[in-house]
Amino acid sequence: MERHAVIVAGFGFRVGTRIESLRSALLAASADEAVDALATLTDKAPGLAPLAAALRLPLIAIDPAALEGIMTRTRSPASLSARGVGSVAEAVALAAAGPDARLLGARHVSPDRRATCALARGASQ
């Protein structure tokens, strides 16, 4: 079975974050990379759905329990306290991209500091 590379943009963000903040974090993280899907935690998925719809990309909702044991480049004290991972954006990108995924870089923060985005490359079947 042939496997193809997939790039997932993972997001962490505050409640009430506007689509413009999410989009700016994505643009900072993606630069020249073509993104295949967006991902966030299940409880945050409704807040990311408008951007996924606008970009016509699939939205992957990750159960918070799936983040256990995922190592991230960033070590945010707020994220560690709230979710048990150093970066929600990095962790959900890795979880959504699959078991052999790797980060393409550290997370990027929107100018208003309400959203973060990180990219991970994985393989789909």
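This structure is a prediction, so every number in the text was calculated from the model and none was measured.
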Quiz prompt | A95 to I62 - nearest heavy-atom pair and separation | solution = CB-CG2, 4.0 Å
Quiz item: Sub-3.5 Å donor-acceptor pair from the side chain of T116 to the main-chain atoms of G12, do we have one?
Solution: yes
Self-check item: Heavy atoms from other residues, nucleotides or ligands near CZ of R73 exceed 12 (cutoff 6.0 Å)
Solution: yes
Quiz item: What distance separates T42 OG1 from D63 CG, expressed to the nearest 0.5 Å?
Solution: 5.5 Å
Exercise. Enter the distance from T17:OG1 to K44:NZ here, rounded to the nearest 0.5 Å.
Key: 7.0 Å
Quiz item: What closest approach, in Å, do A118 and A93 show between heavy atoms, and which atom pair accounts for it?
Solution: O-CB, 3.5 Å
Self-check item: Taking every non-hydrogen atom, the tightest pair across P50 and P46
Solution: CD-O, 3.4 Å
Quiz item: Is there side-chain contact between E90 and I70, with heavy atoms separated by less than 4.5 Å?
Solution: no
Quiz item: Checking T74 side chain against S76 main chain: does a donor-acceptor pair fall under 3.5 Å?
Solution: no
Self-check item: Salt bridge flag under 4.0 Å for residues R14 and D112
Solution: no
Quiz item: Is I60 reachable from L94 through a run of I, L, V, M, F, W or Y residues, each pair having side-chain heavy atoms under 4.5 Å apart?
Solution: yes
Quiz item: OG of S30 to CD1 of I7: how many Å apart, nearest 0.5 Å?
Solution: 9.5 Å
Quiz item: Quick check: does any side chain N or O of D36 sit under 3.5 Å from a backbone N or O of V8, one acting as donor and the other as acceptor?
Solution: no
Quiz item: Around R18, counting heavy atoms of other residues, nucleotides and ligands shown, do more than 12 lie under 6.0 Å from its CZ?
Solution: no
Quiz item: Which atoms form the tightest heavy-atom contact between R107 and S87, and what is the distance?
Solution: CD-OG, 3.4 Å
Exercise. Using modelled atom types only, decide if a donor and an acceptor are shared between the side chain of S110 and the backbone of A115 within a distance under 3.5 Å.
Key: yes
Exercise. Find out if a path of hydrophobic residues (ILVMFWY) with successive side-chain heavy-atom gaps under 4.5 Å connects L41 to V35.
Key: no
Quiz item: Roughly how far, to the nearest 0.5 Å, is the CG atom of L51 from the CG atom of L59?
Solution: 9.0 Å
Quiz item: Does the side chain of V92 come within less than 4.5 Å of L67's, by heavy atoms?
Solution: yes
Quiz item: Are any side-chain N or O atoms of S79 and backbone N or O atoms of V85, one a donor and one an acceptor, separated by less than 3.5 Å?
Solution: yes
Quiz item: Is it the case that one hydrophobic cluster holds both L103 and V109, taking links as side-chain heavy atoms less than 4.5 Å apart, direct or via other members?
Solution: no
Quiz item: Are L55 and L104 linked, directly or through other ILVMFWY residues, by side chains that come within less than 4.5 angstrom of each other?
Solution: yes
Exercise. Using atom types as modelled and distance alone, determine if a side-chain donor or acceptor of S24 lies under 3.5 Å from a backbone N or O of S21.
Key: yes
Quiz prompt | H108 vs L26, side-chain contact (heavy atoms from CB on, under 4.5 Å): CA-CA, chis, key distance, verdict | solution = CA-CA 8 Å; H108 290 264; L26 174 62; over 6 Å; no
Quiz item: Is there a path from L48 to L119 through hydrophobic residues (I, L, V, M, F, W, Y) whose side chains come within less than 4.5 Å of each other?
Solution: yes
Self-check item: Any V88 side-chain heavy atom under 4.5 Å of F13 side chain
Solution: no
